[in-house]
Amino acid sequence: MGVFFMFGIEFVPDLPLNNLVNNCVLAENHGFDAVWITDHYNNRNVYATLALVAERTKRMRIGPGVTNAYQVHPALTASAIATIDDISNGRAMLGIGAGDRTTLASLGIPMDKPVAKLREAVEVIRRLLAGERLSFQGDFFRIEGAKLSLKCSDIPIYIGAQGPLMLKTASEIGDGVLINASHPLDFKYAIPQVQKGSPKAGFDIAAYASFSVDSDEEKAKKAVMPVVAFIVAGSPETVLERHGIVPTEADTIKSSLAKGDFRTAFGSVTDPMVDAFSIYGSPDHCIKRIRELHEIGVTQVVVGSPIGPDVSESIKLIGEEVIVEFGDLGLNLG
Ligand code: F42
């Protein structure tokens, strides 16, 4: 069981940024410790977004959750995150993963050897961030005498991971892992995989969870159903089976989404699906779920989309009724 506990929050920069930045400030004022901004080329750029967040916040850690080494060369990632660290007075953290297979395919980038490539990328990033003049001859990256012109703090690197090999690797190369899941069963599977590697002391196991809180449980559920539909459609069969969801139910959602028939897709989301793929409901119910995760070994809960039916109100509710319940567990921002 972890000795510390953090609350993170995730935002997708898919709308004008004013609202997102205001919600980051609100989250900071309501006790959140970290903000993760998702990285997809079709949304607003993740580092431009983080620069605005850095300017307006004072305490929270901030970082991309997650970038990848297929679209961005690790030297550029090192430079970008060092810049965010500079602007934020040492509050940067870096989330990096394999990348989204569908997005990469749409850009014509094959996802070859994702684990090995990520391992190299993280080594390059760490050595550049440490101020080294780097010459590196890897299988994927060849670097001759590269050096950053700016110094930065010791930036924690988190690995986005779901697969067994990536989970194990995360604990070998990372300071933490961001696991896209919400249910204890998924962490009962994932945490032993992480432990097969070599997690250092203070290694942070983060549940990157789909979250929806409201005092009205039905409203919370309704808000999370579209997100759950996409999660079900994108989940491998092994994960569906783990939660007792039969493939045909998932197929209906998948084919409806593919046709753009959102009414059928969202209407086909069942209660067991919502329970498996989100933390939703009243603050009390969410507290219960978070405690279960903490008991299994989760040390950070990242409150992810949709957050709630009214994002700002839900942030306040989480701060006032959920985060306060975990004050006794302390905090270690490293
Ligand atoms: N993706 C994005 O594009 N943008 C985001 O903002 C984002 C956020 C995010 C947050 C948390 C999180 O957990 C994931 C997130 N992702 C985001 C998705 C992320 O980029 C990955 O797509 C996702 O984490 C899936 O990764 P995975 O751990 O399932 O790894 C994949 C690649 C996988 O198949 N892993 C297998 C495994 O067992 O872990 C490895 C299979 C494999 O390729 N093995 C190789 C082989 O050749 O067979 C051998 C190993 C090698 O590479 O050398």
Side-chain angles (χ1 to χ4, degrees), residues 8-14 20 34-50 62-72 77 80-81 93-107 109-123 138-141 157-174 176-183 186-187 189-197 204-211 227 230-231 233-240 242 277-278 293 298 300-305:
I9 190 161
E10 172 227 51
F11 290 105
V12 180
D14 58 352
L20 182 153
V35 56
W36 299 97
I37 305 293
T38 62
D39 184 7
H40 295 99
Y41 79 88
N42 51 311
N43 288 338
R44 284 150 184 81
N45 179 268
V46 64
Y47 294 106
T49 305
L50 285 165
I62 59 176
V66 301
T67 188
N68 69 76
Y70 288 101
Q71 287 166 268
V72 190
T77 296
I81 200 66
M93 53 187 184
L94 176 68
I96 186 166
D100 177 63
R101 209 177 276 276
T102 316
T103 309
L104 292 177
S106 72
L107 299 178
I109 304 172
M111 194 194 260
D112 294 335
K113 299 260 178 208
V115 179
K117 187 159 185 166
L118 188 67
R119 198 181 265 281
E120 266 192 25
V122 168
E123 181 178 348
D139 292 331
F140 308 94
F141 302 108
I157 300 182
Y158 284 69
I159 309 299
Q162 271 76 241
L165 190 55
M166 197 64 100
L167 287 162
K168 175 173 175 281
T169 305
S171 70
E172 292 165 355
I173 64 173
V177 62
L178 296 169
I179 303 172
N180 229 332
S182 307
H183 196 277
D186 295 310
F187 292 93
Y189 167 78
I191 292 175
Q193 310 303 321
V194 171
Q195 282 159 346
K196 281 184 191 157
D204 187 10
I205 297 181
Y208 215 84
S210 176
F211 209 96
V227 179
F230 281 98
I231 299 174
S235 291
E237 254 177 49
T238 47
V239 174
L240 296 174
R242 190 181 296 151
F277 296 114
S278 72
L293 295 181
V298 167
Q300 177 176 175
V301 163
V302 182
V303 170
S305 303

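Indexing begins at 1, ligand by ligand and atom by atom, following the structure's order. Since this is a predicted model, take the numbers as computed values, not measurements. Quick note: numbers below take in every heavy atom, side chains included, and nothing from hydrogens, waters or symmetry partners.
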To check your reading of the model: name the closest protein heavy atom to [atom], its residue, and the distance in Å.
atom                    : result
atom 49 (C) of ligand 1 : Leu165 CD2, 4.1 Å
atom 30 (O) of ligand 1 : Met166 CE, 3.9 Å
atom 36 (C) of ligand 1 : Gly163 CA, 4.4 Å
atom 40 (C) of ligand 1 : Val115 CG2, 3.9 Å
atom 23 (C) of ligand 1 : Gln162 NE2, 3.2 Å
atom 45 (C) of ligand 1 : Pro114 CD, 4.6 Å
atom 47 (O) of ligand 1 : Lys113 NZ, 4.1 Å
atom 5 (C) of ligand 1  : Val66 O, 3.3 Å

Asp39 near ligand 1, heavy-atom distance under 4.0 Å?
->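 Contact check Asp39 vs ligand 1: positive.
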Would you say the side chain of [Y] lies within less than 4.5 Å of the side chain of [X], judging by non-hydrogen atoms?
X      : Y      : answer
Phe141 : Lys117 : yes
Ser210 : Phe230 : no
Met166 : Leu118 : yes
Phe277 : Leu240 : yes
Leu104 : Gln71  : yes

Proximal atoms of ligand 1 relative to [X] (non-hydrogen, under 4.0 Å):
X      : answer
Gly65  : 6 (O), 8 (C)
Ala98  : 20 (O), 32 (C)
Ala116 : 51 (C), 52 (O), 53 (O)
Arg101 : 34 (O)
Tyr208 : 10 (C), 11 (C)
Leu178 : 11 (C), 12 (C), 13 (O)

Test item: protein heavy atom less than 4.0 Å from [atom]:
atom                    : value
atom 51 (C) of ligand 1 : yes
atom 25 (C) of ligand 1 : yes
atom 8 (C) of ligand 1  : yes
atom 17 (C) of ligand 1 : yes
atom 32 (C) of ligand 1 : yes

Proximity of Lys117 to ligand 1 by residue part, where a heavy atom lies under 4.0 Å =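 None of Lys117 does.
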Judged by modelled atom types alone, do Ser305 and Glu10 share a side-chain donor-acceptor pair under 3.5 Å?
->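 Their side chains do contain a donor-acceptor pair, which is all the 3.5 Å distance test asks for.
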Which atoms form the tightest heavy-atom contact between Val122 and Ile96, and what is the distance?
->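 Nearest heavy atoms, Val122 then Ile96: CG2-CG2, 4.0 Å.
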